Amino acid sequence: MKYQPIGVFDSGYGGLTVLKEIVKQLPQYDYLYLGDNARAPYGNRSFDTVYEYTLQSAEWFFKQGCSLVILACNTASAKALRTIQQNDLPKLGADKRVLGVIRPTTEIIGQFTKSNEIGILGTNGTVQSNSYPIEINKFYPQVKVHQEACPMWVSLVENDEYATAGADFFVGSNIKNLLAQAKGIDTILLACTHYPLLINKIKQFVPENVTIISQGEIVATSLVDYLGRHPEIEKNCSKNGQLAFYTTDLPADFDNHAATFFGKPVKSTHIEL
Ligand code: DGL
């Protein structure tokens, strides 16, 4: 069978927290990870820019032989996925698919809350897109969704500041703002794939009775289900258990950081988009 890896994309390292869970649940497939580190973070960029960058990445994955690409980035899922699915995929090939992280999360998030008050922490782009309130409302109309944009968090993570006193200030104040929006918030979604790296800091500021949800496992479980339901796509995914990592910035930097996100040493290659 020819090499047809599953593509996993993020603006930087965050998507590795998703890839790690996907590989745990589906170790048999080949995976290609791309971090657009040279242009990260995406969170404060316009719709047009995030769309353009994400489309370039999707096209790159397809050129490498991927049929299926997962946008392991909420910002790209919120700002680019729908346009790519509706406008670009029909031209790129009938057997090509691009999936995001928002839909699998919103499908099940309502199962975690008893109070029906959910808090979303995400980038400016994700929060401004209103994707989470809109999508959660489709599945769980009784749930109230409260959002807080955390524009500094991705930079804290990408610059290894996630365990420092500097992180206390930003993490603490954003969580305080979120929790002030409604007394009953009992579930907080980390709606950015970088945020699991901040989990220890986040826990310091979130009361113990509040459930904190990361997306990696949710997205991985949803992919297992998707591949089971779509044999026509699954048959285009090669199975040699190989992993390859690419970055648009310096491979040495990528490898240094990526090990923390992925939990294992990583050796990346540079590409230009
Ligand atoms: N990991 C991306 C996300 O989930 C980070 C976005 C960014 O680059 O700002 O939204």
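When a ligand or atom number is given, it counts from 1 through the structure's own listing order. This is a predicted model, so every value here is computed, not measured.
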* Any idea which atoms of ligand 1 are less than 4.0 Å away from a heavy-atom of Asp10? -> 1 (N), 2 (C)

* Could you list the atoms of ligand 1 found under 4.0 angstrom from a heavy atom of Cys192? => 1 (N), 2 (C), 3 (C), 4 (O), 5 (C), 10 (O)

* Distance-only donor-acceptor check, side chains Asn74 and Tyr132, under 3.5 Å -> yes

* Per-residue contact class, Ser11 against ligand 1 - non-hydrogen pairs under 4.0 Å -> side chain

* Select one of side chain, backbone, both or neither to describe which atoms of Thr123 lie under 4.0 Å from any atom of ligand 1, heavy atoms only. => side chain

* To do: Pick, from Glu158, Gln215, His194, the option with the minimum heavy-atom distance to atom 5 (C) of ligand 1.
  => His194

* Structure fact -> Closest to atom 10 (O) of ligand 1 (heavy atoms only, candidates Val157, Ile102, Thr75) is Thr75

* Is Lys79 positioned over the aromatic face of Phe47, cation under 6.0 angstrom from the ring centre and no more than 45 degrees off axis? -> yes

* Say whether Gly43, considering both its backbone and side-chain N or O atoms, lies within less than 3.5 Å of an N or O atom on ligand 1. => yes

* N/O separation below 3.5 Å, Thr193 to ligand 1 -> yes

* **Exercise: identify the closest heavy-atom pair between Ile233 and Tyr226** => CG1-OH, 3.9 Å

* Asked: Which heavy atom of Glu234 sits nearest a heavy atom of Lys239, and at what distance?
  -> OE2-CE, 3.0 Å

* To do: Kindly say whether the aromatic ring centers of Tyr31 and Phe245 come within a distance under 6.0 Å.
  => no

* **Distance from atom 7 (C) of ligand 1 to nearest protein heavy atom, with residue and atom** => Tyr42 N, 3.2 Å

* Residues two or more places apart in sequence or in another chain: which of them pass side chain to side chain contact (heavy atoms under 4.5 Å, CB included) with Ala259? -> none

* To do: Would you please determine whether Gly12 falls within less than 4.0 Å of ligand 1 on a heavy-atom basis?
  => no

* Side-chain ion pair, Lys63 and Glu59, N-O less than 4.0 Å -> no

